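Numbered from 1 within each chain, the chains take letters A, B, ... in sequence-line order. Here the structure is a predicted model, which is why all the values come from computation and not from measurement.
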2 protein chains.
Amino acid sequence: MKKIKEFDSTLFQEELQKRISIPVGEFEKFFELWEFKHFKRNEFILKAGEIPKFSIFVLKGCLRQYIVNEKGEESIVYFAEERHWIGDLPCMRSKTISNFNFQAIEECELLTINADNWEQAFAKFPWWTEAHLTGYQKWASMLQQQMADLHTKTGEIRYLNLLKAKPALFQRVPQHFIASYLGISPETLSRIRKKIFNI
Amino acid sequence: MKKIKEFDSTLFQEELQKRISIPVGEFEKFFELWEFKHFKRNEFILKAGEIPKFSIFVLKGCLRQYIVNEKGEESIVYFAEERHWIGDLPCMRSKTISNFNFQAIEECELLTINADNWEQAFAKFPWWTEAHLTGYQKWASMLQQQMADLHTKTGEIRYLNLLKAKPALFQRVPQHFIASYLGISPETLSRIRKKIFNI
DNA sequence: TGAATTTCTTGACTTTAGTCAACGTTTTGT
DNA sequence: ACAAAACGTTGACTAAAGTCAAGAAATTCA
């Protein structure tokens with residue numbers, strides 16, 4: 001993990017402006033709260049059992065958030081590609097141990113914000129709070145929808161839906177990660193693909 | 001659905017104070033943004049396909065949030081008992097059609113806030129925004145955990161976990177609602193219970 | 001580049017859960 | 001209080017998905 005000072009902050013600013021309009025001159029001050037970090041493929045960014053030190057915006061690369069249960073089985077709950085936000089805010093803010101692992105699937109360039117700076121951003125920039133709140137509201141709704149899909153749709157349907165929704169993901173992450181995210185075994189996903197594409 | 005003017009706002013204030021401290025005198029102003037509503041058993045509070053007119057705090061009773069898929073299958077994604085918040089904020093705020101149904105399982109006494117008042121509360125009371133944001137952050141994490149449970153745990157384990165986490169719920173909602181919430185068929189839940197309790 | 005590692009596929013079998021139908025029990029509203 | 005409706009249980013069967021094991025294919029990185 002190495003730090004670099006110079007890089008292009010346009011992507012970051014653009015992504016924020018998509019959600020909210022930032023008063024002139026405020027982005028620079030806001031941006032100072034963030035730190036650039038670089039991770040290698042397979043490197044752990046945050047580990048379960050530790051207090052998350054920062055929260056993340058993905059500039060480049062792809063990472064996975066997953067949980068390991070008592071039996072040692074992994075379950076991926078989120079993929080963060082470019083322009084995505086990821087982290088365990090409740091645990092970072094309350095300084096408690098997270099249950100989630102965050103690992104780089106590819107080489108990653110990240111912007112990170114630590115707990116103190118997060119609280120500062122929250123206190124100083126109302127537009128940030130607003131964007132954040134709106135984002136979380138939408139996300140929670142999406143997660144509920146996803147839960148209902150797990151209840152009522154077969155693995156095959158969920159696979160086809162994900163393929164439609166995030167085709168690029170399938171080009172960059174191993175198939176067994178997709179299986180884990182869909183909540184099916186790698187073998188089952190292999191058979192689903194055979195059934196769909198072979199005949 | 002009838003309106004009543006007088007009722008005890010203590011429960012509401014208490015629940016807020018649990019999360020955040022409210023500056024003296026502000027609760028009353030905040031409270032004016034809310035409206036009391038009464039619903040009968042089985043009454044629909046908000047329906048899928050409509051724009052949600054308000055968001056809810058439950059004073060008394062219990063309601064369910066569920067989604068119906070293309071095949072007409074229902075899937076319950078949330079139960080709101082006393083002191084719980086429920087609604088489809090993204091759709092209410094953006095005035096778009098919600099996919100969720102909200103129905104009273106019992107006689108319900110609710111506090112509701114409409115879209116305009118919600119935005120006002122958000123603009124005028126920073127403590128409200130803060131409580132809200134923190135609440136959503138935790139909730140999203142919980143939903144992710146729940147998704148992982150759906151991936152890796154059997155129906156039986158999920159049933160036992162829910163029984164432990166929310167024992168009171170089993171005393172007030174029909175068993176097939178519990179099944180729907182757990183993502184299993186009513187028959188399967190019946191068999192799980194037989195297996196656990198009979199032998 | 002090529003050995004080591006990881007990933008994917010396939011077969012055989014098991015487990016878990018769903019479906020359909022029938023029937024008994026409980027709850028509800030009038 | 002009672003008829004109607006909703007709910008829960010059970011059996012027999014089916015479907016979906018998991019597990020284990022072996023081997024083929026692809027990828028990685030030294």
Acceptor/donor pairs from residues 18-27 of chain A side chains to any protein atom, 3.5 angstrom cut, sequence neighbours excluded:
| unit_1 | atom_1 | unit_2 | atom_2 | d |
| --- | --- | --- | --- | --- |
| A/Lys18 | NZ | A/Glu15 | OE1 | 3.0 |
| A/Glu26 | OE1 | A/Trp127 | NE1 | 2.6 |

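A/Glu119 meets the salt bridge (Lys or Arg N to Asp or Glu O under 4.0 Å) test with A/Arg93; sequence neighbours excluded. For A/Arg158, there are no salt bridge (Lys or Arg N to Asp or Glu O under 4.0 Å) partners, not counting sequence neighbours. Residues passing the salt bridge (Lys or Arg N to Asp or Glu O under 4.0 Å) test with B/Arg193: none are found, sequence neighbours excluded. Under the salt bridge (Lys or Arg N to Asp or Glu O under 4.0 Å) criterion, A/Glu74 pairs with A/Arg64, not counting sequence neighbours. By the ring-ring contact (aromatic ring centres under 6.0 Å, His included) test, B/Tyr78 pairs with B/Trp139, sequence neighbours left out.
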Which dot-bracket notation, 5' to 3', represents the base pairing of DNA chain C when pairs are defined as Watson-Crick or G-U with both distances under 3.5 Å, crossing pairs as [ ], and inter-strand pairs as |? ||||||||||||||||||||||||||||||
Identify all pairs in which a protein N or O lies below 3.5 Å from an N or O of nucleotides 8-15 of chain C, and state each distance.
| unit_1 | atom_1 | unit_2 | atom_2 | d |
| --- | --- | --- | --- | --- |
| C/dC8 | OP1 | A/Gln175 | N | 2.7 |
| C/dC8 | OP2 | A/Gln175 | N | 3.3 |
| C/dC8 | OP2 | A/His176 | N | 3.0 |
| C/dC8 | OP2 | A/His176 | ND1 | 3.1 |
| C/dT9 | OP2 | A/Gln175 | NE2 | 2.6 |
| C/dT9 | OP2 | A/Ser190 | OG | 3.1 |
| C/dT9 | O5' | A/Ser190 | OG | 3.2 |
| C/dG11 | N7 | A/Arg191 | NH2 | 2.9 |
| C/dG11 | O6 | A/Arg191 | NH2 | 2.8 |
| C/dA12 | N6 | A/Arg191 | NH2 | 3.2 |

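Using a 4.5 Å heavy-atom cutoff, the side chains of A/Glu50 and A/Lys47 are in contact.
Within residues 146-170 of chain B, no residue is approached by DNA chain D to less than 4.0 Å at the level of any non-hydrogen atom. Contact check of residues 68-81 of chain B against DNA chain D (heavy atom, cut-off under 4.0 Å) returns no residues at all.
Between A/Phe39 and A/Phe54, the ring-plane angle classifies as tilted under the 30° and 60° cut-offs. The aromatic rings of B/Trp85 and B/Trp128 lie tilted to each other, with the angle between the two planes from 30° to 60°. Between B/Phe30 and B/Phe125, the angle of the ring planes goes over 60°, which puts this pair in the perpendicular group of the 30/60° scheme.
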List the steps, then state whether salt bridge (Lys or Arg N to Asp or Glu O under 4.0 Å) holds for B/Glu70 with A/Lys153. CA-CA 10 Å; B/Glu70 322 77 45; A/Lys153 293 184 165 68; 3.5 Å; yes
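Of all non-hydrogen atoms in A/Gln144 and B/Val77, the two that sit nearest each other are O-CG1, 3.5 Å.
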Report, as a single string ordered 5' to 3', how protein heavy atoms within less than 4.0 Å touch nucleotides 23-30 of chain C: B base, S sugar-phosphate only, - not at all. -----SS-
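In this structure, B/Phe79 has its ring center closer than 6.0 angstrom to the ring center of B/Tyr181.
Residue pairs that meet the salt bridge (Lys or Arg N to Asp or Glu O under 4.0 Å) test with at least one member in residues 167-181 of chain A, sequence neighbours left out, are A/Glu81-A/Arg172, A/Glu82-A/Arg172, A/Glu106-A/Arg172.
Remark: C1' of D/dT19 and CD1 of A/Ile184 are 15 Å apart, rounded to the nearest angstrom. As rounded to whole Å, 17 Å separates atom P of C/dT7 from atom CZ of A/Arg172. The distance between atom CD of A/Glu43 and atom P of D/dT28, rounded to the nearest whole Å, is 17 Å.
Taking the centre and axis of the six-membered ring of B/Tyr136, the NZ or CZ atom of A/Lys138 falls outside the cone set by 45° and 6.0 Å.
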